[in-house]
Amino acid sequence: MIPKFLLLMIFSFVFTFHSTAQDSSHLKISLLTCSPGDELYSIFGHSAIRIVDSTRGSDVVYNYGTFDFDDASFYLKFIRGKLLYYVSAEYFRDFQYQYNATGRNIIEQDLILTVEEKMNFQKALFENLKEENKYYKYDFFFNNCTTRLRDWLVRIKNPAPILPAVMPEKTTFRNAIHQYLDHGHQYWSKLGIDILLGAKTDRVMKTTEQQFLPDNLMFALDKSSPKVIQTKNNFPALIQPPGNDTFFTPFVCFSIVLLLFALLQLTKNKTVRSVLNGLDGMLFFITGALGIILIFMWTATDHSMTKNNYNLLWAWPTHLIVAFFINSPKNRAKKYFLFTAVTTTLILAVWFFLPQQMNPALIPVVILLIYRSAFKYLSVR
């Protein structure tokens, strides 16, 4: 019979050897998920990969959300969807301070990876950091800082984890981003996004497409099969971000503008009527300019979600030209205003039944276009 102390020695040796073999990479790899900020660029959160290498004594974060703001063509590339993002590396302490100091939490999920998988993951990131490999064409929905990390994990982990849906069935891309914009009280940003993003944004997301949002990837990893999360750590914010709620939402402001036009119309003062004519010209000019922007975003950019935009049903580019003939007595102008009033009324009647979810805050604007078009038709002689 083997003595008990000998059994304990054998067990200790085997356990120590097994643990050493399991940890021979000396690497700890984790996913960092940063909570949403209070600015539009940060409202959807952020993801990054942290690698702690105990052999080298390094603690580095790999971030696929980096871009060159100093690029001379930054704005043009951004608008056209041609802006290149790239992966960068920074010390974890700097990354943590940057987010925690601005009121944003960081949740860390330690990944369950074999020694080989850890080595492959680190090697892939090192390779991606090279100048010739680090750039990629950013797409907010399909190729961003979160989907890139998800793709690496699925590619390296064997067997590849199955990440379940974490949002209700029939959730569209627009529904998903609305949750963050509403929670962050980003009412004006929500309006601008709803105007620029077309009907494709109202497609129901597939399970994998839900993971374009950092929180969704984090929740999906928690429920993955096989299990890929070992432990979770929280690095809380150092301050509380300020609230930015406001009474003056787009719907309120546009309703006030509609009321202002109606009140100005009641006066007989010539000066006021002259001002009203100028406001009519501005209304049609801005609406027409918006229509041209929507066509540009549809046809001249690489943004996949700005196509098939039903906002063009009320924001006609031709309004920009008509704005310069707002008081024209010609019959053609009269017919144009009648056509605008009738057609736009029909659009308003089916507003909530269109294939694209239209922002309700635009209803006062559409009513204003109908009202002023009808008035121009009836008043122009």
Side-chain angles (χ1 to χ4, degrees), residues 76 79-81 188 191-202 250-251 253-262 264-265 273-381:
L76 181 60
I79 292 171
R80 297 194 63 196
W188 288 96
L191 173 66
I193 288 172
D194 278 348
I195 291 175
L196 291 176
L197 297 183
K200 290 187 174 184
T201 319
D202 295 286
F251 184 84
C253 291
F254 293 152
S255 296
I256 292 173
V257 171
L258 175 59
L259 180 61
L260 177 63
F261 270 81
L264 290 176
Q265 187 59 53
R273 285 296 180 91
S274 178
V275 170
L276 187 57
N277 286 330
L279 291 175
D280 283 336
M282 186 181 300
L283 171 66
F284 278 83
F285 182 87
I286 293 174
T287 305
L290 176 59
I292 291 175
I293 291 172
L294 295 182
I295 290 179
F296 173 81
M297 296 299 292
W298 183 341
T299 61
T301 74
D302 292 343
H303 296 293
S304 59
M305 294 297 201
T306 58
K307 306 182 187 306
N308 305 339
N309 198 324
Y310 280 73
N311 281 297
L312 281 164
L313 291 176
W314 63 270
W316 301 354
T318 52
H319 286 349
L320 188 144
I321 300 174
V322 170
F324 295 98
F325 304 93
I326 201 72
N327 293 315
S328 173
K330 293 185 179 181
N331 195 44
R332 281 181 297 180
K334 188 179 179 74
K335 289 181 178 179
Y336 182 89
F337 289 124
L338 175 62
F339 183 74
T340 300
V342 172
T343 306
T344 310
T345 299
L346 293 175
I347 296 303
L348 184 60
V350 297
W351 189 260
F352 295 102
F353 303 98
L354 293 170
Q356 175 178 326
Q357 183 179 343
M358 310 293 276
N359 195 300
L362 292 169
I363 291 177
V365 177
V366 175
I367 292 175
L368 183 59
L369 284 169
I370 296 170
Y371 166 49
R372 298 315 297 169
S373 297
F375 179 81
K376 289 300 177 184
Y377 167 72
L378 295 172
S379 64
V380 173
R381 296 289 185 264

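When a residue number appears, it is its place in the shown sequence, counting from 1.
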Notebook entry, point to check: Any side-chain heavy atom of I295 within less than 4.5 Å of one from P317?
Noted result: yes
Next item on the list: Taking all heavy atoms of L264 and all of R273, pick out the closest pair and write down the distance.
Entry: O-NE, 4.5 Å
Checklist line | L276 CG to L283 CG distance, which is reported to the nearest 0.5 Å | finding: 10.0 Å
Note to self: Can you confirm whether H319 sits close enough to W314 that some side-chain heavy atom of one is under 4.5 Å from a side-chain heavy atom of the other?
What the structure shows: no
Item checked: I347 side chain near V366 side chain, heavy-atom distance below 4.5 Å -> no
Next item on the list: Enumerate the residue pairs fulfilling side chain to side chain donor-acceptor pair (under 3.5 Å) with a member in residues 291-302, sequence neighbours excluded, ordered by first and then second residue.
Entry: K82-D302, K137-D302
Notebook entry, point to check: Among T340, T343, T345, which one satisfies side-chain contact (heavy atoms from CB on, under 4.5 Å) with I370?
Noted result: T345
Next item on the list: Return yes if some donor-acceptor pair links the side-chain N/O of H303 with the main-chain N/O of I79 below 3.5 Å, else return no.
Entry: yes
Note to self: For the OG atom of S255 and the CD1 atom of I367, what is their distance to the nearest 0.5 Å?
What the structure shows: 8.0 Å
Note to self: If I compare all heavy atoms of L191 with all of P250, which pair ends up nearest, and what's the gap?
What the structure shows: CD2-CB, 3.7 Å
Note to self: Please list all pairs meeting side chain to side chain donor-acceptor pair (under 3.5 Å) that have one or both residues in residues 279-291, counting only residues at least two apart or in different chains.
What the structure shows: D280-R372, D280-K376
Check: What residues, two or more places apart in sequence or in another chain, satisfy side-chain hydrogen bond (donor to acceptor under 3.5 Å, both in side chains) together with W316?
Finding: none
Check: How many angstroms lie between atom OG1 of T344 and atom CG of L368, to the nearest 0.5 angstrom?
Finding: 11.0 Å
Next item on the list: Examine F284 together with F325 and report whether their ring centres are nearer than 6.0 Å.
Entry: no
Check: Looking only at heavy atoms, which two atoms of A323 and G281 are closest? And how far apart?
Finding: CB-O, 3.3 Å
Notebook entry, point to check: Is there a side-chain contact (heavy atoms from CB on, under 4.5 Å) between F285 and F324 once you walk through the steps?
Noted result: CA-CA 8 Å; F285 182 87; F324 295 98; 3.9 Å; yes
Next item on the list: Quick one: pull up CG in L196 and CD1 in I293 and give me the separation to the nearest 0.5 Å.
Entry: 8.0 Å
In residues 348-365, what donor-acceptor pairs under 3.5 Å come from side-chain atoms, sequence neighbours left out?
from : atom 1 : to   : atom 2 : distance (Å)
Q356 : OE1    : A199 : N      : 3.2
Q356 : OE1    : Y310 : N      : 2.8
Q356 : NE2    : L197 : O      : 3.3
Q356 : NE2    : N309 : OD1    : 3.3
N359 : OD1    : A361 : N      : 2.9
N359 : ND2    : D194 : OD2    : 2.8

Notebook entry, point to check: F254: what forms a ring pair (Phe, Tyr, Trp, His ring centres under 6.0 Å) with it, not counting sequence neighbours?
Noted result: W188
Note to self: As a quick check of understanding, evaluate side-chain contact (heavy atoms from CB on, under 4.5 Å) for F337 and I326, giving each step before the final call.
What the structure shows: CA-CA 9 Å; F337 289 124; I326 201 72; 4.0 Å; yes
Notebook entry, point to check: Can you tell me how far the CG atom of L378 sits from the OG atom of S373, to the nearest 0.5 Å?
Noted result: 11.0 Å
Check: Can you name the ring pair (Phe, Tyr, Trp, His ring centres under 6.0 Å) partners of F261, sequence neighbours left out?
Finding: none
Notebook entry, point to check: Rounded to the nearest 0.5 Å, what separation is found between the CG atom of L279 and the CG atom of L260?
Noted result: 7.0 Å
Notebook entry, point to check: Is the number of heavy atoms from other residues, nucleotides or ligands within 6.0 Å of CZ (F339) greater than 12?
Noted result: no
